[in-house]
Amino acid sequence: MSRYSFKDVEAKWQAAWEEHRCFSADEDDRRPKYYVLEMFPYPSGRIHMGHVRNYTMGDVVARFMRARGFNVLHPMGWDAFGLPAENAAIERGIDPAEWTYGNIDTMRRQLKALGLSLDWSREFATCDQAYYHQQQRLFLAFLAADLAYRKESWVNWDPVDHTVLANEQVVDGRGWRSGALIERRKLSQWFFRTTAFSDALLEALGELDRWPDRVKLMQQNWIGRSEGARILFRLKGRDDRLEVFTTRPDTLFGASFCAISPNHPLTLALAEENPDLADFVARCNRLGTSEEAIETAEKEGVDTGLRAVHPFDPDWDLPVYAANFVLMDYGTGAIFGCPAHDQRDLEFARKYDLSVVPVVAPEGVDPASFGIGEEAFTGDGRLINSRFLDGLTVAEAKAEAARRLHAGGDGETTVSYRLRDWGISRQRYWGCPIPVVHCRECGVVPVPEDALPVVLPRDVRFGEPGNPLDHHPEWKHVPCPACGRPAFRETDTMDTFVDSSWYFIRFCSPHAGRPVDPAAASYWLPVDQYIGGIEHAILHLLYARFFTRAMAKIGYVDLEEPFSGLFTQGMVCHETYRDEAGKWLFPTEVARQDDGSVVHAATGRPVTVGRSESMSKSKRNVVDPETIVATYGADTARLFMMSDTPPDRDLEWSDAGVEGAWRFVNRLWRMIAESDLPVAAAGTPAPSGLDPRGSTPAAETLRAVHKAINDVTSDLERFGFNRAVARVRELTNAVAVLSDTDEAAAWVRRQAFETLVRLIGPMMPHLGEALWEQLGHQTLLASAPWPEADPRLVMDDTVTIAVQVNGKLRGTMEMPRDAAEGEVRSAVLALPVVAEAVAGRPPRRLVVVPNRIVNVVV
RNA sequence: GCGGGCGUGGCGGAAUUGGUAGACGCGCUGGACUCAAAAUCCAGUUCUGGCAACAGAGUGUCGGUUCGACUCCGACCGCCCGCACCA
């Protein structure tokens, strides 16, 4: 039996698509536009299965939409700046540019082998001079529009390597290379003013109706708008006041302490005189800068000795603690603690033996007996123990407390956001240089337009502490563009999130000599369907949304939301393997024995099988897509990626699953290309002997064809790729059992084959083209229209109605579709099972759901 | 710690969104073909009891709403993603 020869077929059709320029997009087109984009890859070296999954999904959408008559833009590029290139330079002495472009060449070749319908003429890498040149222009425009500015902020400092570390380079509070305890350090850095759009970014979420709810919810919580009050506490024996932010001014009478951040200016001032406090601040600084590390640390504080005067009672004062869970970046960096109604405050109060006075009691609970144990009460209720607030609801008390604070000059209502401005400075080499010069006389001076781009120098040295740009005197020292006196370049480069915040805009006019060609951008944008990992649900997507608004504000685009549709796909997972020494092993290094145990293939020694995790190089639980494509072909790999697992869930890699996909590819080939049953010639009219609504096998198969078109179409519209594959397989099974050889069957077989080929086209484009040719077509399947279902053949004339007695299934019956309710009732009551259950008495109730179910309640 | 999500046969999953739980595939079992194997084809396959017809149980756990719950509500358990310098 012949096998489908994927190697020749895939090469042949990839060449044909390229020759006919099938996938290059042009704005000059009468069809409606459709921009589908998958998150572009970081060129890490080789593509991994996650890429195959992501890009296959995008390709199915692109090919499907093309078939449905859209002018599709489907571009690809490279998110090419970032840490790994520098690590390669440090560890192996490889030039970051060489390393990156080498990786891109490899990965481009690998992606091309997948047969993706991409417009490669638009390809670029973010490390291309042409790209970062335009990004530098955007930075300067942001600077001029006050959307970029400088301020001090904290970094992780490795005191041994004298280097700023990324959060992921801090492991258990220590530098990953040096092992030294890291410290927080303050540096002057560049920021983008994301908070200028806090409200806009929040409110526009409501209009993103093709985004997953969970992503919108995560963004909403991240922006974290909260209404509350700023309260000014007098400090005993001092003239300055402590400004505190709270969302619960109603609980002021339950206050038992104030707490300020270890980085609060007041803490730092007091620490100069107070060694205990200084020691505490130093300890907090060793936690690093990540919020996760700070919040998971045990709650701790040091009494500063200050006393804060209660705004509603001059004779009442509260201790002021410096506490490690108070974040300097949120609110005012200071809080008042009400332990009865906030869990963190409660834990802190229990630890330092501070009073816990409930001031809100749930409705209907006796205030006298309402006490707080291990859990703070955060629900609604009425105020108690609160003097003039007693008896008010929480909402009323909030308003009243705010009114009194305002009247007394002790505070104001205010809105606070969790969202912070975006720090974009990186003390690294492999990124987009920030195009400014520092002059002793003129301050910060933008690099003039005609001196752009500020090019990354290639002759840099790695291996010494700090940023290589800092150690490159010829690059760093330049005359001031304003006054001509000696000055120096900014040596910080931009966060790589900046690069990925506008690449989708650049794809509209990738070769323009300015950031954006307005005509191209207004034609293609917004991205109609964006596809990428859920891990980007917050940062990348929020930064891209901000950046689009910022570009709109300064006139580059006429658009606020960049992505009108979003789909987040799950990861690709595989079990992990370790040998006796605990070393990670590749799946190709292990063998499964007949008894199910797993051993090292080369040595026969036992192997520990770990749970399935996201494929990662470090754990070696990876399967190389190139091997799979070489063994089974791209279509098999693509089909496996789309089968079985819903695209938003994690996919478990399985060799058996790939084999299953491979078998189906061959089954289709045999059935259609090597059919030994009669198939009508293309274009033959329907034979008069065929009644499409009849009960012959041919008619039933024909109806299965139209149902499949209908189902696959709606599945693909809803990202139900796994369901679409199941429907295609069902149709294949239905056609396979049609063994009649008459004229009607031959004609139906032709309809079925043509339909199958067109339905699989988006998923298995090479096999699709090959079969399309076998069916006698001279044209490309890539340019063939999507099939249309005949609505009259989609629905059957009869339906199966389930019959329940007291909610339990007792049988089924066939009824004409849309039968009158009276007919259904009498048919049900005539059923023996029902008659027996009813036993002569009329049923208490008879629930009839048309065409679906009847429930007899006795 | 905080925010978000997920949980269905031996396995991946389906279920028209409150109406026949287990489509489709993998695996397994039996059969056909073959000297044999592979490939292919056919049949069976949620669990328990039964030769069978059939009966009972069943969608992470416990409880609730409903004629009816995988689906809605509450509590809990487990796992995953994010936490602002990984991309």
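Labels below follow one simple rule: chain letters A, B, ... track the order of the sequence lines, proteins then strands, and each chain is numbered from 1. All values derive from a computational prediction rather than experimental measurement.
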**Q** Figure out the CZ/C1' separation between A:Arg844 and B:U66, and round it to whole Å.
**A**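 Whole-Å distance recorded here is 13 Å.
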
**Q** Does the structure show a Watson-Crick or G-U wobble partner for B:A37, both distances under 3.5 Å? Name it, or say none.
**A**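 Looking at the geometry, B:A37 pairs with no nucleotide.
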
**Q** Give A:Glu298 one of three labels, base, sugar-phosphate or nothing, depending on what nucleic acid heavy atoms sit under 4.0 Å from its own.
**A**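 Nothing, no nucleic acid heavy atom in range.
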
**Q** Does B:C62 have a Watson-Crick or wobble mate here (both distances under 3.5 Å), and if so which one?
**A**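 Here B:C62 is engaged in a pair, and the nucleotide opposite it is B:G74.
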
**Q** Can you tabulate the close N/O pairs, meaning under 3.5 Å, that link protein atoms to atoms of nucleotides 54-58 of chain B?
**A**
from	atom 1	to	atom 2	distance (Å)
B:A57	OP2	A:Lys808	NZ	3.2

**Q** Whole-Å distance between B:G4 P and A:Trp222 CH2?
**A**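 So the two atoms are 13 Å apart, to the nearest Å.
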
**Q** If you measure from the C1' atom in B:C26 to the same atom in B:G74, how many Å do you get, rounded?
**A**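 The answer is 38 Å between these two C1' atoms.
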
**Q** Watson-Crick or G-U wobble partner for B:C54, using a 3.5 Å limit on both distances?
**A**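 By the stated definition (distances under 3.5 Å), B:G49 pairs with B:C54.
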
**Q** For the pair made of CD in A:Gln343 and P in B:C2, what is the distance, rounded to whole Å?
**A**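 Whole-Å distance recorded here is 8 Å.
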
**Q** If you look at every strand shown and take non-hydrogen atoms under 4.0 Å, does A:Pro646 touch a base, only sugar-phosphate, or nothing?
**A**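 Sugar-phosphate only.
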
**Q** For B:C83, take OP1 and OP2 only and decide whether either is under 4.0 Å from a side-chain N or O of A:Ser290.
**A**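 False: A:Ser290 side-chain N/O out of range (4.0 Å or more) of B:C83 OP1/OP2.
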
**Q** For B:A69, give the paired nucleotide (Watson-Crick: N1-N3 plus N6-O4 or O6-N4; G-U: N1-O2 and O6-N3; both under 3.5 Å), or none.
**A**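 Base-paired to nothing in any strand shown.
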
**Q** Check whether any side-chain N or O of A:Arg649 sits under 4.0 Å from OP1 or OP2 of B:G13, and answer yes or no.
**A**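 Result: yes.
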
**Q** Polar-atom pairs under 3.5 Å, protein N or O versus N or O of nucleotides 20-24 of chain B: list them with distances, or write none.
**A**
from	atom 1	to	atom 2	distance (Å)
B:A23	O2'	A:Glu730	OE2	2.6
B:A23	N3	A:Arg727	NH2	3.2

**Q** Scan A:Arg214 against the nucleic acid and name what it touches under 4.0 Å (heavy atoms): base, sugar-phosphate only, or nothing.
**A**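 Counting heavy atoms under 4.0 Å across all strands, the contact made by A:Arg214 is with sugar-phosphate only.
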
**Q** Would you check if there is a donor-acceptor pair between the side chains of A:Asn167 and A:Thr289 at a distance under 3.5 Å?
**A**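 Looking only at side-chain atoms, A:Asn167 and A:Thr289 do form a donor-acceptor pair, the distance falling under 3.5 Å.
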
**Q** Categorize A:Phe325 for me: base, sugar-phosphate, or nothing, with a 4.0 angstrom heavy-atom threshold over every strand shown.
**A**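 If one applies the 4.0 Å heavy-atom cut-off, A:Phe325 turns out to touch nothing in the nucleic acid.
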
**Q** Is there a side-chain contact between A:Leu542 and A:Ile223 in this structure, where contact means two heavy atoms from C-beta onward sitting under 4.5 Å apart?
**A**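 Touching, per the 4.5 Å side-chain cut-off.
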
**Q** Round to the nearest Å and state the distance from A:Glu652 atom CD to B:G10 atom P.
**A**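 After rounding, the gap between these two atoms is 18 Å.
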
**Q** Select base, sugar-phosphate, or nothing to describe what A:Ser44 touches, counting heavy atoms under 4.0 Å on all strands.
**A**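 Contact class for A:Ser44: none.
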
**Q** In terms of the angle between their ring planes, are A:Tyr503 and A:Phe40 parallel, tilted or perpendicular, with boundaries placed at 30° and 60°?
**A**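 Rings of A:Tyr503 and A:Phe40: parallel, as their planes differ by under 30°.
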
**Q** How is A:Val155 classified with respect to the nucleic acid when contacts are heavy atoms under 4.0 Å: base, sugar-phosphate, or nothing?
**A**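 Counting heavy atoms under 4.0 Å across all strands, the contact made by A:Val155 includes a base.
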
**Q** Based on the glycosidic angle (syn within 90° of 0, else anti), state the conformation of B:U71.
**A**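 What B:U71 shows is an anti base, its glycosidic angle lying more than 90° from 0.
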
**Q** Do we see a donor-acceptor contact under 3.5 Å between the side chains of A:Trp502 and A:Tyr131?
**A**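 Judged by distance alone, the side chains do pair up.
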
**Q** Where the side chain of A:Asn221 is defined as all heavy atoms beyond and including C-beta, which of B:G3, B:G5, B:G27 is the nearest nucleotide?
**A**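 Nucleotide nearest to A:Asn221's side chain: B:G3.
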
**Q** Return no unless some side-chain N or O of A:Arg845 is found under 4.0 Å from OP1 or OP2 of B:C67.
**A**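 Checking B:C67 against A:Arg845, a side-chain N or O does come within under 4.0 Å of OP1 or OP2.
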
**Q** Can you tell me how far P of B:C83 sits from CD of A:Gln219, to the nearest Å?
**A**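 Going from A:Gln219 (CD) to B:C83 (P), I get 13 Å.
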
**Q** Over all strands shown, is A:Val847 touching base, sugar-phosphate only, or nothing at heavy-atom distances under 4.0 angstrom?
**A**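 A:Val847: base contact, heavy atoms under 4.0 Å.
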
**Q** For B:G9, is chi within 90° of 0 (syn) or not (anti)?
**A**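 Glycosidic conformation of B:G9: syn.
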
**Q** Could you work out the separation of B:G10 and B:U61 based on their P atoms and round it to a whole Å?
**A**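 Roughly 13 Å separates the two P atoms.
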
**Q** Using the C1' atom as the reference point in each nucleotide, state the distance between B:A23 and B:A14 in Å, no decimals.
**A**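 About 5 Å, rounded to a whole number of Å.
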
**Q** Over 60° means perpendicular and under 30° means parallel, so tell me whether A:His48 and A:His51 are parallel, tilted or perpendicular.
**A**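 Rings of A:His48 and A:His51: parallel, under 30°.
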
**Q** Report which part of the nucleic acid A:Thr296 touches: base, sugar-phosphate, or nothing (heavy-atom distance under 4.0 Å, all strands).
**A**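 It contacts base atoms.
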
**Q** Please indicate whether A:Arg350 has more than 12 foreign heavy atoms, meaning atoms of other residues, nucleotides or ligands, lying under 6.0 Å from its CZ.
**A**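 Yes.
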
**Q** Less than 4.0 angstrom between a side-chain N/O of A:Arg663 and OP1 or OP2 of B:C26, yes or no?
**A**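 Checking A:Arg663 against B:C26: at least one side-chain N or O falls below 4.0 Å of OP1 or OP2.
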
**Q** What nucleotide among B:C67, B:C86, B:C85 has an atom nearest to a side-chain atom of A:Asn855?
**A**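 Closest of the options to the side chain of A:Asn855: B:C67.
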
**Q** Assign A:His536 to base, sugar-phosphate, or nothing according to its heavy-atom contacts below 4.0 angstrom with the strands shown.
**A**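 If one applies the 4.0 Å heavy-atom cut-off, A:His536 turns out to touch a base.
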
**Q** How are the rings of A:Phe81 and A:Trp430 set relative to one another: parallel (under 30°), tilted (30 to 60°) or perpendicular (over 60°)?
**A**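 Taking A:Trp430 first and then A:Phe81, their aromatic rings stand perpendicular (interplane angle over 60°).
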
**Q** Closest approach to the side chain of A:Met571, judged atom by atom: which nucleotide of B:C85, B:C81, B:A84 is it?
**A**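 Among B:C85, B:C81, B:A84, the one nearest the side chain of A:Met571 is B:C81.
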
**Q** Rounding to the closest angstrom, what is the interatomic distance between B:U71 and B:U66 at atom P?
**A**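 16 Å, rounded to whole Å.
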
**Q** For A:Glu152, does the CD atom sit with more than 12 other heavy atoms under 6.0 Å from it, leaving out its own atoms?
**A**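 Atom CD in A:Glu152 is crowded, with more than 12 foreign heavy atoms closer than 6.0 Å.
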
**Q** Please work out if A:Gly657 contacts a base, only the sugar-phosphate, or nothing of the nucleic acid, heavy-atom cut-off 4.0 Å.
**A**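 It contacts nothing in the nucleic acid.
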
**Q** Which whole number of Å gives the distance between the C1' atom of B:C47 and that of B:U8?
**A**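 One C1' to the other, the span is 14 Å.
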
**Q** Considering Watson-Crick and G-U wobble pairs with both distances under 3.5 Å, what does B:G3 pair with?
**A**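 Partner of B:G3: B:C81.
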
**Q** Measure the acute angle between the ring planes of A:Phe547 and A:Trp422, then classify it against the limits of 30° and 60° as parallel, tilted or perpendicular.
**A**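 Correct class here is perpendicular.
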
**Q** Starting at CE of A:Met218 and ending at P of B:C83, how long is that distance when rounded to a whole Å?
**A**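 Roughly 11 Å, once rounded to whole Å.
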
**Q** Under 4.0 Å between a Lys/Arg side-chain N and an Asp/Glu carboxylate O for A:Arg426 and A:Glu86?
**A**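 Not counted as a salt bridge, because no side-chain N and carboxylate O are separated by less than 4.0 Å.
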
**Q** Counting any heavy atom closer than 4.0 Å, what does A:Ala537 reach on the DNA or RNA strands: base, sugar-phosphate only, or nothing?
**A**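 The answer is nothing, as A:Ala537 stays clear of every strand by at least 4.0 Å.
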
**Q** Which part of the nucleic acid, if any, lies within contact of A:Gln427, taking any heavy atom under 4.0 Å across all strands shown: a base, the sugar-phosphate backbone alone, or nothing?
**A**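 Result for A:Gln427 = base.
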
**Q** What's A:Leu419 touching, base or sugar-phosphate or nothing? Going by heavy atoms closer than 4.0 Å.
**A**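 Base: the residue A:Leu419, judged by heavy atoms under 4.0 Å, touches a nucleobase.
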
**Q** For atom C1', what is the distance between B:C76 and B:C24, given to the nearest Å?
**A**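 Nearest-Å result for B:C76 against B:C24 at atom C1': 34 Å.
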
**Q** Between A:Glu814 and A:Thr800, does a side-chain hydrogen bond (donor to acceptor under 3.5 Å, both in side chains) hold up when you go through it step by step?
**A** CA-CA 5 Å; A:Glu814 293 291 316; A:Thr800 308; 2.7 Å; yes

**Q** Answer yes if the side chains of A:Trp211 and A:Gln219 hold a donor-acceptor pair under 3.5 Å, and no otherwise.
**A**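 No - no donor-acceptor pair under 3.5 Å links their side chains.
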
**Q** Check the distance between B:G3's C1' and A:Leu202's CG and give it to me in whole angstrom.
**A**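 Nearest whole value for this atom pair: 15 Å.
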
**Q** Checking side-chain polar atoms at under 3.5 Å, does A:Asp421 have a donor or acceptor matched by the opposite partner on A:Thr195?
**A**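 Present: a donor and an acceptor within the cut-off.
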
**Q** Can you figure out which of B:G1, B:G3, B:C80 approaches the side chain of A:Glu292 most closely?
**A**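 So the nucleotide nearest the side chain must be B:G1.
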
**Q** Report the distance from atom CG of A:Asp213 to atom P of B:G3, rounded to the nearest whole Å.
**A**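 Nearest whole value for this atom pair: 18 Å.
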
